[in-house]
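Notes follow once the structure below has been shown.
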There are 2 protein chains.
Amino acid sequence: MASGSAARKPAPEPLVVLEEFLPYRLNVLAGLTSSALAQIYAERFGLSIPAWRVIVTLGQYECRTARDMAPDGVMHKSTVSRAVSALEKRGLVKRRPNLDDRREEWLALTPEGRAIYEAVAPEALAVGERLLSVLTPQEQKTLSTLIDKLTRQARLLAPRDTEGSEA
Amino acid sequence: MASGSAARKPAPEPLVVLEEFLPYRLNVLAGLTSSALAQIYAERFGLSIPAWRVIVTLGQYECRTARDMAPDGVMHKSTVSRAVSALEKRGLVKRRPNLDDRREEWLALTPEGRAIYEAVAPEALAVGERLLSVLTPQEQKTLSTLIDKLTRQARLLAPRDTEGSEA
DNA sequence: TTCCGTTCGTTGCTCATGCAACCAATAACA
DNA sequence: TGTTATTGGTTGCATGAGCAACGAACGGAA
């Protein structure tokens, strides 16, 4: 049929509507929330996002190696390495050699690091809460489930591998 | 694994559990999907994410200005500017001055640009579909609603201002 | 007209990030 | 024992993004 050869104003046929495209919408949402959080991390405490993740992880587990910082390869080795270096230089993190395997090092928060952790964490949580406050508890639970499902699937689709840690 | 004697002490009191923290999970998910898509954009067509967004937007609307590329300030002016320059240099986008307002320019896909659009779009959509395939239609609808609610809220919490595009 | 405030878009600078190459230590195996 | 393959972690390099400062063009007001 006449597939509209006329060059008129409306586009021939939009194959993708960006505002409805899931990956785009996820990116926008994630970007906005990052932006909201980065304001706290960066402006108030001088932490980058990787640094924040390291701090939180160490706050959770007390003692881990650099490799454990990116459980699913979310952060790059180099990203973690640099974040840890910076934190060590600021005296927020200390390293201790692991004598059982001298390739790796144990990481832990210093008292100063823990102090920052205890200062940032509640504020970050508050942002998370404020975000979720527009959802009912039931919706929150649903969201959590959906994110998990999608993340699992996304991990299958993404190249993201070639780097040690597989599921 | 090093079955070492190293004590993996539970931390005093974990204030934040990263794996349960919504912004973190959103970031991970968005990162994974971006990664999956970037593989198509980049490896197969040499497009960056901003470039892809420009192409898709022009594929949708035929003719827009650079400012319209970031409707909600998702991309920075400079990001759009550079993406457009690169695309123009590759002959995928053409500019025409807007005689009514010579500050801005009309942008449109060239035939070559449209060809790439028509090649990439279906593949990108396919990735989106494959992602969503783990959700039931009902879940997909729910997800869409939740994302919208969260995005609206996140936009209130994020600084994201001082830049042209208002609310 | 001229002056001022605003908006569209570009560009220089800086820094964060990803990749890949690399070192050191361990593991696997002949 | 030596020899090779893997793994934890660092670093050089190049690319990418944000910020801010800038130039150009418009709108409004005298």
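Since the structure is predicted, the reported quantities are computational estimates derived from the model, not experimental observations. Below, chain A is the first sequence line, B the second, and so on; all start at residue 1.
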For this session: To the nearest 10°, let me know how far the axis at one end of the helix from C:dT1-D:dA30 to C:dA30-D:dT1 is tilted from the axis at the other, five pairs an end.
Result: 10°

Exercise. Would B:Thr136 and B:Gln138 count as having a side-chain donor-acceptor pair, cut-off 3.5 Å?
Worked result: no

Exercise. Under the side chain to side chain donor-acceptor pair (under 3.5 Å) test, which residues partner A:Ser34, sequence neighbours left out?
Worked result: B:Asn27

Problem set entry | side chain to side chain donor-acceptor pair (under 3.5 Å) partners of A:Gln153, counting only residues at least two apart | none

For this session: Could you tell me which residues satisfy side chain to side chain donor-acceptor pair (under 3.5 Å) with A:Glu43, sequence neighbours excluded, listed by chain and number?
Result: none

Exercise. B:Arg25: what forms a side chain to side chain contact (heavy atoms under 4.5 Å, CB included) with it, not counting sequence neighbours?
Worked result: A:Ser144, A:Ile147, A:Asp148

Exercise. Listed by chain and number, what are the salt bridge (Lys or Arg N to Asp or Glu O under 4.0 Å) partners of B:Glu104, not counting sequence neighbours?
Worked result: none

Exercise. What salt bridge (charged side-chain N to carboxylate O under 4.0 Å, His left out) pairs are there with at least one residue in residues 44-56 of chain A, not counting sequence neighbours?
Worked result: A:Arg44-A:Glu123

Seminar exercise, completed: Residues at least two apart in sequence or cross-chain that pass side chain to side chain contact (heavy atoms under 4.5 Å, CB included) with B:Gln140, listed by chain then number, are B:Leu132, B:Leu135

For this session: Name every residue in residues 95-103 of chain B that has at least one heavy atom under 4.0 Å from any atom of DNA chain C, in order of residue number, or write none if there are no such residues.
Result: B:Arg95, B:Arg103

Problem set entry | B:Lys141: side chain to side chain donor-acceptor pair (under 3.5 Å) partners, not counting sequence neighbours | none

Under 3.5 Å between N/O atoms: give me all the protein pairs with nucleotides 12-17 of chain D, atom names plus distance.
| unit_1 | atom_1 | unit_2 | atom_2 | d |
| --- | --- | --- | --- | --- |
| D:dG12 | O6 | A:Arg82 | NH2 | 3.0 |

Problem set entry | With B:Tyr41 via ring-ring contact (aromatic ring centres under 6.0 Å, His included) - residues at least two apart | B:Trp52

